[in-house]
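As structure tokens, the structure follows; a few thoughts come after it.
Keep in mind it's a predicted model, so treat the numbers as computed, not measured.
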Amino acid sequence: MADIAAQMAQGPRCILAVYPDDRASWLSPLQAGVPGAPWPSLEPRNFVAETEKWYDLGIVSAVGMDDWEFAGEFQTSEITHGANIIYRSTDIRVGLYMFNTNIVRFYNSSASGLQTADLMYEYMPALNTWVKWRMQRVDGWLRWFINDVEVKSTNASGKYLSMDSVLPPTSTADCHLRNCCFKNLTTGKTLWSYPSFAERTRLLTLTNIRTDRGVFEGASTGSGVLRRVKSQLDLRGNTTSKTLVCKCYIPSHADDGKLYVSGLVTQGHHTSGAASYVFFFSVWEDYRIATRGKTLYLRFAGSSNAVRGVGGNVADINIFDRWVTLAGVIDYASGKVAVYMDGVKVAQASVVMEPFGQGAGNVLSDAVSILHDANNYVSDHRIAWAHVYDYAMSEEEIRLLAPSADPV
């Protein structure tokens with residue numbers, strides 16, 4: 001990989017950097033002053049600047065009538081009435097939210113027949129200071145702890161409500177969180193934690209991929225098992241500029257009446273309709289009679305499932321059978337989408353900018369992937385590395401990334 005690409009991947013605006021070795025990591029866009037630190041960095045996630053739904057938490061409280069503990073740490077620079085620090089507002093309400101301009105309310109409605117005041121504890125935190133908190137339902141009592149000191153308890157013996165729910169908490173406050181977890185104290189099992197195990201490690205799931213030659217490629221070509229490198233990054237609802245860059249090798253194919261799709265950086269079922277994907281950056285080599293062509297695509301599904309983006313004709317440029325660096329830019333400020341090969345612009349289009357679509361069906365559990373094969377359209381392409389940046393790169397920056405030496 002070119003040195004400049006490595007340096008840019010370590011910057012605070014690279015939100016995904018994927019390599020076929022131990023450098024693979026999800027980088028937080030909020031790492032000012034911590035260049036190159038993998039997530040979780042020393043600068044915790046901020047849920048206003050980096051909007052995030054808790055997709056990765058799964059079932060938040062499937063504990064029935066068991067005892068449990070909800071704990072963590074938070075830090076905030078501002079108290080905004082009604083904002084959730086980490087709170088589930090329906091179906092057994094539990095968690096932390098901002099009650100007014102200086103109070104955080106710790107709420108636990110997992111017991112019946114009690115006064116509202118018995119279900120909560122209100123606390124005025126010092127701003128810009130980490131606060132350690134725990135809420136428990138244990139041995140017939142509701143208990144609250146601040147900085148390891150018990151500050152309140154309520155007798156809830158015989159009044160437990162079942163805590164079986166798949167609804168996750170949300171975080172909408174201008175705050176940081178760390179070391180959060182929800183534990184079943186009866187079984188001793190932790191149901192989820194934040195950061196999750198995936199966030200603390202490589203944050204990648206490899207499916208039918210070999211990496212021993214320094215690139216991502218098929219482990220068993222022709223086996224019929226689709227390939228994929230899946231990250232934890234989720235861009236559903238995205239409304240900010242993005243730049244996608246990857247170094248790849250796309251083999252050419254015979255004119256056999258088939259379609260070959262090389263998925264570069266994608267989210268969702270990217271050869272299906274717009275209701276099934278969030279975005280895709282890919283190369284299509286199409287020999288079907290009605291749709292013949294060779295195209296470098298960067299498209300996203302609008303919130304209305306309208307297709308937005310650009311497709312650049314690559315039939316007459318040397319994109320196949322060699323290592324190339326491809327880039328795609330979605331620029332919300334200018335309303336333009338563009339694609340590049342080896343630093344040269346291939347195509348650009350003016351686009352109606354709206355939030356990325358949500359997808360449909362099983363795509364709702366999907367995340368950003370590289371080398372995601374499309375069923376029946378496998379091209380056997382390879383990828384050396386891929387980056388996602390949280391801004392629209394200039395043409396000068398894109399030119400700096402390519403060309404670079406072949407990885408193998």
Side-chain angles (χ1 to χ4, degrees), residues 1 9 16-26 56 198 201-235 244-254 256 258-273 276-287 294-299 314 319-328 341 359 361-388 406-408:
M1 183 176 65
L16 182 69
V18 182
Y19 312 99
D21 56 34
D22 289 339
R23 290 172 295 169
S25 60
W26 175 12
D56 59 339
T201 55
R202 287 172 60 95
L203 302 163
L204 296 175
T205 301
L206 305 181
T207 304
N208 198 37
I209 297 292
R210 63 180 290 180
T211 61
D212 55 294
R213 295 195 291 184
V215 298
F216 296 104
E217 58 185 323
S220 51
T221 302
S223 67
V225 180
L226 302 182
R227 306 168 304 165
R228 183 184 205 184
V229 182
K230 182 178 179 182
S231 77
Q232 295 287 315
L233 181 61
D234 188 345
L235 292 182
L244 317 173
V245 188
C246 71
K247 188 174 183 66
C248 57
Y249 183 97
I250 302 173
S252 61
H253 299 84
D256 55 6
K258 297 180 180 179
L259 168 65
Y260 297 91
V261 177
S262 299
L264 305 175
V265 185
T266 61
Q267 183 172 358
H269 300 294
H270 53 95
T271 57
S272 302
S276 295
Y277 64 79
V278 178
F279 74 92
F280 66 83
F281 182 41
S282 61
V283 175
W284 290 37
E285 187 183 6
D286 195 347
Y287 294 111
K294 299 175 182 180
T295 309
L296 172 60
Y297 281 113
L298 175 56
R299 285 181 169 178
V314 294
I319 196 172
F320 298 102
D321 301 318
R322 69 185 187 97
W323 286 97
V324 294
T325 301
L326 302 179
M341 186 188 79
N362 59 4
V363 77
L364 288 176
S365 62
D366 204 4
V368 174
S369 300
I370 71 164
L371 204 77
H372 189 183
D373 279 337
N375 194 24
N376 300 323
Y377 308 124
V378 178
S379 75
D380 292 325
H381 62 301
R382 292 177 282 169
I383 292 180
W385 50 264
H387 300 166
V388 178
D406 295 350
V408 293

Checklist line | Nearest atoms (heavy-atom pairs only) where Ile370 meets Ala386 | finding: CG2-CB, 3.7 Å

Next item on the list: Please identify each residue that fulfils side chain to side chain donor-acceptor pair (under 3.5 Å) with Arg228, with sequence neighbours left out.
Entry: Asp366, Ser369

Note to self: Using 0.5 Å steps for rounding, measure from the CG atom of Leu326 to the CD1 atom of Ile250.
What the structure shows: 5.5 Å

Margin query: Please evaluate residues Leu235 and Val368 with respect to the criterion side chain to side chain contact (heavy atoms under 4.5 Å, CB included), reporting the C-alpha separation (whole Å), side-chain torsions for both, the decisive distance (0.1 Å), and the verdict.
Written below: CA-CA 7 Å; Leu235 292 182; Val368 174; 4.0 Å; yes

Notebook entry, point to check: Any donor-acceptor pair under 3.5 Å linking the side chain of Gln267 with the backbone of Tyr277?
Noted result: no

Next item on the list: Find the distance between CG (Leu371) and CG (Leu264) and round it off to the nearest 0.5 Å.
Entry: 8.5 Å

Next item on the list: Could you walk me through whether Phe320 and Glu285 pass the side chain to side chain contact (heavy atoms under 4.5 Å, CB included) test, one step at a time?
Entry: CA-CA 10 Å; Phe320 298 102; Glu285 187 183 6; 3.9 Å; yes

Next item on the list: Identify the heavy atoms of Gly263 and Thr266 that sit nearest to each other, and give their distance.
Entry: CA-CG2, 4.3 Å

Notebook entry, point to check: Would Tyr377 and His270 count as having a side-chain donor-acceptor pair, cut-off 3.5 Å?
Noted result: no

Checklist line | Trp284 and Leu259: CA distance, side-chain angles, deciding distance, side chain to side chain contact (heavy atoms under 4.5 Å, CB included) verdict | finding: CA-CA 7 Å; Trp284 290 37; Leu259 168 65; 3.8 Å; yes

Next item on the list: Mind listing the closest non-hydrogen atom pair of Val265 and Phe279 along with its distance?
Entry: O-CE1, 3.3 Å

Item checked: Contacts of type side chain to side chain contact (heavy atoms under 4.5 Å, CB included), residue Thr295, not counting sequence neighbours -> Tyr297

Item checked: For Ser252, all residues meeting side chain to side chain donor-acceptor pair (under 3.5 Å), sequence neighbours excluded -> Asp321

Notebook entry, point to check: Which value, rounded to the nearest 0.5 Å, describes the distance between Cys246 atom SG and Arg382 atom CZ?
Noted result: 13.5 Å

Next item on the list: Measure across Leu206 and Phe216 and return the closest heavy-atom pair with its distance rounded to 0.1 Å.
Entry: CD2-CE2, 4.2 Å

Check: Which pair of non-hydrogen atoms, one from Val314 and one from Leu296, has the smallest distance, and what is that distance?
Finding: CG1-CB, 3.9 Å

Note to self: If you apply the rule side chain to side chain contact (heavy atoms under 4.5 Å, CB included), what do you find for Val283 with Val261, and how did you get there?
What the structure shows: CA-CA 6 Å; Val283 175; Val261 177; over 6 Å; no

Checklist line | With sequence neighbours excluded, residues passing side chain to side chain donor-acceptor pair (under 3.5 Å) with His381 | finding: Arg227, Ser379

Next item on the list: Sequence neighbours left out, what passes ring pair (Phe, Tyr, Trp, His ring centres under 6.0 Å) with Tyr249? Give chain and number order.
Entry: Trp323

Check: With sequence neighbours left out, what residues match Tyr260 under ring pair (Phe, Tyr, Trp, His ring centres under 6.0 Å)?
Finding: His253

Checklist line | Where Tyr19 and His387 come nearest, the two heavy atoms and their spacing | finding: OH-NE2, 3.0 Å

Next item on the list: Please list, chain by chain and in numerical order, all residues satisfying side chain to side chain contact (heavy atoms under 4.5 Å, CB included) with Asn376, sequence neighbours excluded.
Entry: none

Note to self: Suppose we screen for side chain to side chain donor-acceptor pair (under 3.5 Å). Which residues come up paired with Asp286, at least two apart in sequence or across chains?
What the structure shows: Arg288, Thr291

Next item on the list: Kindly compute the distance separating OG1 (Thr271) from NE2 (His372), expressed to the nearest 0.5 Å.
Entry: 8.5 Å

Margin query: If I take atom CG from residue Leu226 and atom CG from residue Asn208, how far apart are they, to the nearest 0.5 angstrom?
Written below: 8.0 Å

